[in-house]
Q: 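Pasting in a structure now, in structure tokens, and then I'll have a few things to ask.
Chain identifiers are assigned alphabetically (A, B, ...) following the order of the sequence lines, protein sequences preceding nucleic acid strands; residue numbering begins at 1 within each chain. All figures in this text were calculated on a predicted structure; none of them were measured in a lab.
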Amino acid sequence: METKAFQKIYTKITQITKATCSLNADGVGYEELALVHGRLAQVVKIQGQSVTLQVFGGTEGIPSNAEVTFYGRPPTLKVSDDLAGRFFNSFGLPIDGGPEVEGDEREIGGPSVNPVRRKQPSELIATGIAGIDLNNTLVTGQKIPFFADPDQPFNQVMAMVALRAKCNKIILGGMGLTNDDYLYFKNVFDNAGVLDRIVSFVNTTEDPPVERLLVPDMALTAAEYFAVDRNEDVLVLLTDMTLYADALSIVSNRMDQIPSKDSMPGSLYSDLAKIYEKAVQFPEGGSITIIAVTTLSGGDITHAIPDNTGYITEGQLFLRRDTDIGKVIIDPFRSLSRLKQLVIGKKTREDHPQVMNTAVRLYADAANARTKLENGFDLTDYDERTLNFAREYSEKLLAIDVNIDIKAMLDTGWELFSTHFRPEEVGMREELVEKYWPKKE
Amino acid sequence: MKENKLTKGKVAGVIANLVMVDVDGPVSQNEICYIMLEDVKLMAEVIKVLEKRAYIQVFESTRGLRVGTDVEFTKGMLEVTLGPGILSRNYDGLQHDLNKMEGVFLQRGDYTSALDDDRMWSFTPVAKKGDPVAAGDWLGEVDENGQPHKIMVPFKFTGKYKVKSVIDKGEYTINETIAVLLDSEEKEVPVTMVQKWPVKVPIKAYKNKPRPFKLLETGVRTMDTLNPIVEGGTGFIPGPFGSGKTVLQHAISKQAEADIVVVAACGERANEVVEIFAEFPEIDDPRTGRKLMERTTIIANTSNMPVAAREASVYTAMTLAEYYRAMGLRVLLLADSTSRWAQALREMSNRMEELPGPDAFPMDLPAIISNFYSRAGYVYLNNGESGSITFIGTVSPAGGNLKEPVTESTKKAARCFYALSQQRADSKRYPAIDPIDSYSKYIEYPELQEYLKKNVGENWVENVLKIKNILIRGKEASEQINILGDDGVPIGYHVDFWKSEVIDFVILQQDAFDEVDRSSPIQRQKYMLEKVLNVYDTGFEFGSFEEVNPYFKRIINEFKQMNFSDYESDRFYKHEKELFNIIDEKKIA
Ligand SMILES: Nc1ncnc2c1ncn2[C@@H]1O[C@H](COP(=O)(O)OP(=O)(O)OP(=O)(O)O)[C@@H](O)[C@H]1O
Ligand SMILES: [Mg+2]
């Protein structure tokens with residue numbers, strides 16, 4: 001990113017905080033990019049002559065007479081097919097030793113799609129994981145996060161989903177990724193032989209946290225290039241959005257904004273929505289699907305970050321360790337895919353909605369039985385059967401190591417119902433029971 | 001105002017969408033102005049004035065905006081354009097027609113017109129020469145998608161007028177003069193089919209606003225039966241994310257007995273609006289024989305659209321609803337989610353560094369919310385006809401905790417409370433409306449009770465109160481069972497619990513995605529309620545508590561099959577018969 005010739009150099013900074021600095025300057029545009037003491041920065045506030053810059057690399061060591069120059073434009077990314085197979089930092093600069101990418105220069109964080117120009121998502125994304133395909137079916141153009149505690153294997157599950165999903169490009173936006181996880185992604189994609197379909201924008205824990213703020217917009221600008229210009233199906237992986245939101249709060253606190261819940265900025269909902277709403281099915285065939293990770297602390301989904309996320313995304317996939325079977329499962333209670341209605345029973349077998357709901361309801365009965373047991377009460381025969389059902393359901397369908405097609409998932413569902421229950425106990429539509437209830441000799 | 005010169009100003013500062021402008025003349029609160037960027041004009045609204053400085057909220061992204069940029073003020077407040085052609089349209093929060101915009105992406109400053117200037121409408125006069133008229137009185141009528149769209153004396157006309165002439169029956173565009181009125185000084189005033197009105201000011205062209213008294217059927221059992229809303233009533237649906245607010249609102253919008261539906265998608269997901277775009281043009285409206293979309297208007301300000309326009313969008317929607325109410329129509333207004341609107345207010349208030357109220361929301365939030373809800377209602381127009389706006393908003397409480405400012409303020413303003421419970425949603429008991437915490441104040445209105453007795457059934461209200469009691473009893477029984485254990489309580493507790501479960505599964509739960517079950521007319525609701533009470537009133541004989549659960553499961557199963565079957569079909573009666581057989585097995589003679 002070279003600066004323009006003959007531009008004015010400012011050398012008098014009037015205020016420095018941990019994440020921002022201010023100076024007097026003329027003719028500066030809002031959200032314009034600047035270079036402060038060799039570090040990239042962006043205009044976040046203009047008040048008369050005084051311009052406040054958010055310095056992505058942090059302000060450590062910046063002197064009050066540091067050189068400041070302005071780019072005359074907001075942050076951009078050069079897009080072309082050459083992005084494929086490449087690894088970049090938060091600023092879109094190569095970190096893989098390769099050359100800079102040439103192409104059309106686009107502003108990141110661009111405008112939203114006109115809602116009337118969107119197409120209703122309708123293409124199922126099969127992952128082989130029944131906790132997803134059966135209970136929380138994904139659809140192209142959807143946005144959905146994994147909710148997981150930091151010790152859960154969310155990056156592994158996400159990589160697995162990405163590799164199994166049929167898509168033309170996978171764009172990884174890594175925020176505060178540990179170096180190990182960064183290498184893990186690189187390895188997995190390399191081993192699967194799909195590196196040429198991957199574009200990565202990575203901010204690791206070694207990089208300054210405020211830089212992360214650029215990662216989602218960079219990733220999505222690249223995604224829009226492939227989805228709009230190339231009509232491709234693009235899957236965007238954003239991990240970890242909790243660290244992104246933390247960076248937002250650092251900046252807003254430095255700007256003396258009144259924090260709302262959990263010291264997050266009052267604009268958190270809008271800030272996150274701007275990112276997630278980039279997920280879209282275009283009428284010309286291209287699509288952007290976003291799968292994100294929001295780490296929780298102690299499973300608390302009422303914290304402002306997961307809470308606002310849940311209100312924005314089209315469901316969430318909740319990872320939990322099931323101690324009964326000793327495996328990580330996709331929790332059917334707290335997980336949800338809101339777009340599943342568009343495909344289940346339509347693109348999949350007619351019994352899909354009822355099998356899904358019935359199994360979850362019986363699993364809820366099992367949870368009640370377990371509470372009874374824990375409170376030291378006797379179990380009824382029905383209670384015992386729900387517990388047995390739940391164990392098998394967890395093992396054969398909910399566990400993340402399941403990899404079967406949707407028809408097999410449905411058949412497994414019926415098999416479990418008929419093993420543990422009588423038809424009138426499951427309350428399903430009569431014609432489905434007649435058709436699919438396994439006939440026992 | 002003596003001077004007619006428009007005020008101008010220059011940008012002095014930018015913080016996101018809050019812009020400070022130094023002005024050279026008078027400006028008023030809520031005045032609309034335009035920022036003159038090189039290639040486009042950005043619309044903005046004055047939200048604070050401090051001497052020569054105006055604070056404006058820009059309805060667009062302010063990227064690239066520089067100090068010194070020119071700003072032009074308009075003297076007017078944010079207004080909507082009212083006239084035939086609003087129905088079936090998709091507007092943004094400022095009533096720009098989304099379909100007329102160029103390209104796939106929204107370009108800032110692409111301000112399209114709300115109505116079509118060229119379209120011909122077949123006009124029929126209603127008023128005659130010499131009629132005395134005032135604002136809101138009907139001069140003529142055009143057919144808008146099968147709805148009688150009244151052309152009225154513009155709401156801005158104050159005082160009394162006399163009709164000088166009304167144009168003959170025929171085809172006209174919205175801008176042609178369709179009537180000439182004489183004001184009190186005998187001056188001629190022409191009237192066209194279009195008028196403008198500022199969105200923040202309620203339209204009050206009606207005689208009076210009585211207490212509402214007519215049931216508004218929604219087809220949703222847990223609402224109509226347990227906690228009914230009325231024509232001209234207000235209600236709200238708070239619930240954590242994923243608990244079913246939007247699905248419920250969509251169901252109501254498809255099924256409710258309204259003439260006009262206005263949906264304000266306020267700061268929510270674009271894909272949910274797309275769902276309406278995709279479905280409504282396909283769904284038949286049984287009452288008009290046309291498509292649902294033809295009587296619907298959508299105001300879409302999704303979460304990624306400019307925040308300031310989010311606040312405007314709910315007012316735009318309300319004003320359109322008021323316009324149709326003045327025509328004597330029953331309007332249903334839905335806003336999803338009013339919390340996003342409150343958050344938009346909070347974002348601005350924070351940027352202006354105002355003293356914050358609870359949770360950093362502005363101090364006057366309760367007043368803003370209650371003013372808004374008060375614009376709904378059932379009205380008698382000056383000509384004796386009636387019209388109504390029924391308003392139902394959703395609320396998205398932070399962390400699902402109902403003790404937060406938006407929920408609490410709304411609770412004071414709205415008369416129906418449909419609390420969605422996380423627990424019910426988790427166990428897929430949809431719609432997740434908590435039957436015990438939720439309420440409708442209207443059910444206490446003698447006017448409505450009268451109406452229900454007359455139109456639904458003599459015993460209806462009694463029966464409804466009865467099942468509410470059964471539900472409470474069932475809940476108590478289940479708590480006892482949980483504390484004392486299955487065999488620690490008398491069998492009667494199990495029976496009480498399961499009788500309440502019958503109500504839950506048969507009346508409360510309803511599958512919004514099932515062709516048949518999704519909507520239940522009130523007569524069918526009455527039939528099922530009586531059948532369920534039948535079970536309740538029956539004494540059963542059980543040998544042990546272990547027989548209770550499987551037995552009632554069978555009863556519930558037959559009931560559910562009835563819900564899944566077409567009303568009064570063979571299949572419906574087959575399961576009813578089966579149900580009777582099961583009841584007879586354990587009935588105490
Ligand atoms: N009546 C119903 N029948 C069947 N499923 C339902 C029903 N209501 C809700 N659901 C299920 O719950 C999901 C979430 O519902 P919905 O989108 O309405 O939640 P919400 O309360 O609007 O959430 P948010 O606040 O995040 O917008 C739906 O996608 C659907 O799967
Ligand atoms: Mg919703």
Q: Side chains of B:V67 and A:Q47: closer than 4.5 Å at any heavy-atom pair?
A: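 Result no, sub-4.5 Å side-chain heavy-atom pair not found.
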Q: Salt bridge check: are B:R63 and A:E31 linked by an N-O gap of less than 4.0 Å?
A: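 Yes, B:R63 and A:E31 are salt-bridged.
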Q: Does B:F564 have A:R429 sitting over its ring (NZ/CZ under 6.0 Å from centre, angle to axis within 45°)?
A: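 Yes, a cation-pi geometry holds between A:R429 and B:F564.
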Q: Are any of the side-chain heavy atoms of B:S303 and A:K274 separated by less than 4.5 Å?
A: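 SC-SC contact between B:S303 and A:K274 ruled out.
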Q: What's the shortest heavy-atom distance between B:N304 and A:R118, and which atoms?
A: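 So the minimum-distance heavy-atom pair works out to ND2-NH2, 4.3 Å.
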Q: Check this for me, if you would: do B:R571 and A:E431 make a salt bridge, where the nitrogen-to-carboxylate-oxygen distance has to be below 4.0 angstrom?
A: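 Salt bridge flag = yes for A:E431 with B:R571.
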Q: Under a 4.0 Å N-O cut-off, is there an ion pair linking B:D486 with A:K372?
A: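 Yes, B:D486 and A:K372 are salt-bridged.
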Q: Can a salt bridge be assigned to the pair A:R334 and B:D426 using a cut-off of 4.0 Å between side-chain N and carboxylate O?
A: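 Salt bridge between A:R334 and B:D426, a charged N being under 4.0 Å from a carboxylate O: yes.
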Q: Under the side chain to side chain donor-acceptor pair (under 3.5 Å) test against A:E430, which residue among B:Q561, B:K574, B:K560 passes?
A: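 So, applying the side chain to side chain donor-acceptor pair (under 3.5 Å) to A:E430 and each of B:Q561, B:K574, B:K560, only B:K574 qualifies.
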Q: Which atoms of B:K10 come close to chain A, meaning under 4.5 Å heavy atom to heavy atom: side chain ones, backbone ones, both, or neither?
A: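 Neither the backbone nor the side chain of B:K10 comes within 4.5 Å of chain A.
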Q: May I ask you to test the A:Q316-B:F241 pair for a side-chain heavy-atom distance under 4.5 Å?
A: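 A:Q316 reaches B:F241 side chain to side chain.
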Q: Between B:R66 and A:E32, does any NZ, NE, NH1 or NH2 come within less than 4.0 Å of an OD or OE carboxylate oxygen?
A: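 Yes.
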Q: Identify which one of B:Q343, B:R340, B:R346 satisfies the side chain to side chain donor-acceptor pair (under 3.5 Å) criterion when paired with A:Y269.
A: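 It is B:R340, the one option of B:Q343, B:R340, B:R346 that forms the side chain to side chain donor-acceptor pair (under 3.5 Å) with A:Y269.
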Q: For the pair B:R269 (side chain) and A:T313 (backbone), establish whether a donor and an acceptor sit closer than 3.5 Å, ignoring hydrogens and angles.
A: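 Between the backbone of A:T313 and the side chain of B:R269 there is a qualifying donor-acceptor contact (under 3.5 Å).
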Q: Can you see whether A:S270 engages B:E347 through a side-chain donor-acceptor pair at a distance of less than 3.5 angstrom?
A: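 Yes, a side-chain donor-acceptor pair sits under 3.5 Å.
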Q: With no hydrogens and no angle check, is any side-chain donor or acceptor of A:Y30 less than 3.5 Å from a backbone partner on B:G13?
A: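 No; judged by distance alone, with no hydrogens or angles, the pair does not exist.
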Q: Could you check whether B:N271 and A:Q120, counting side-chain N and O atoms only, form a donor-acceptor pair closer than 3.5 Å?
A: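 Note: A:Q120 and B:N271 side chains miss the donor-acceptor criterion.
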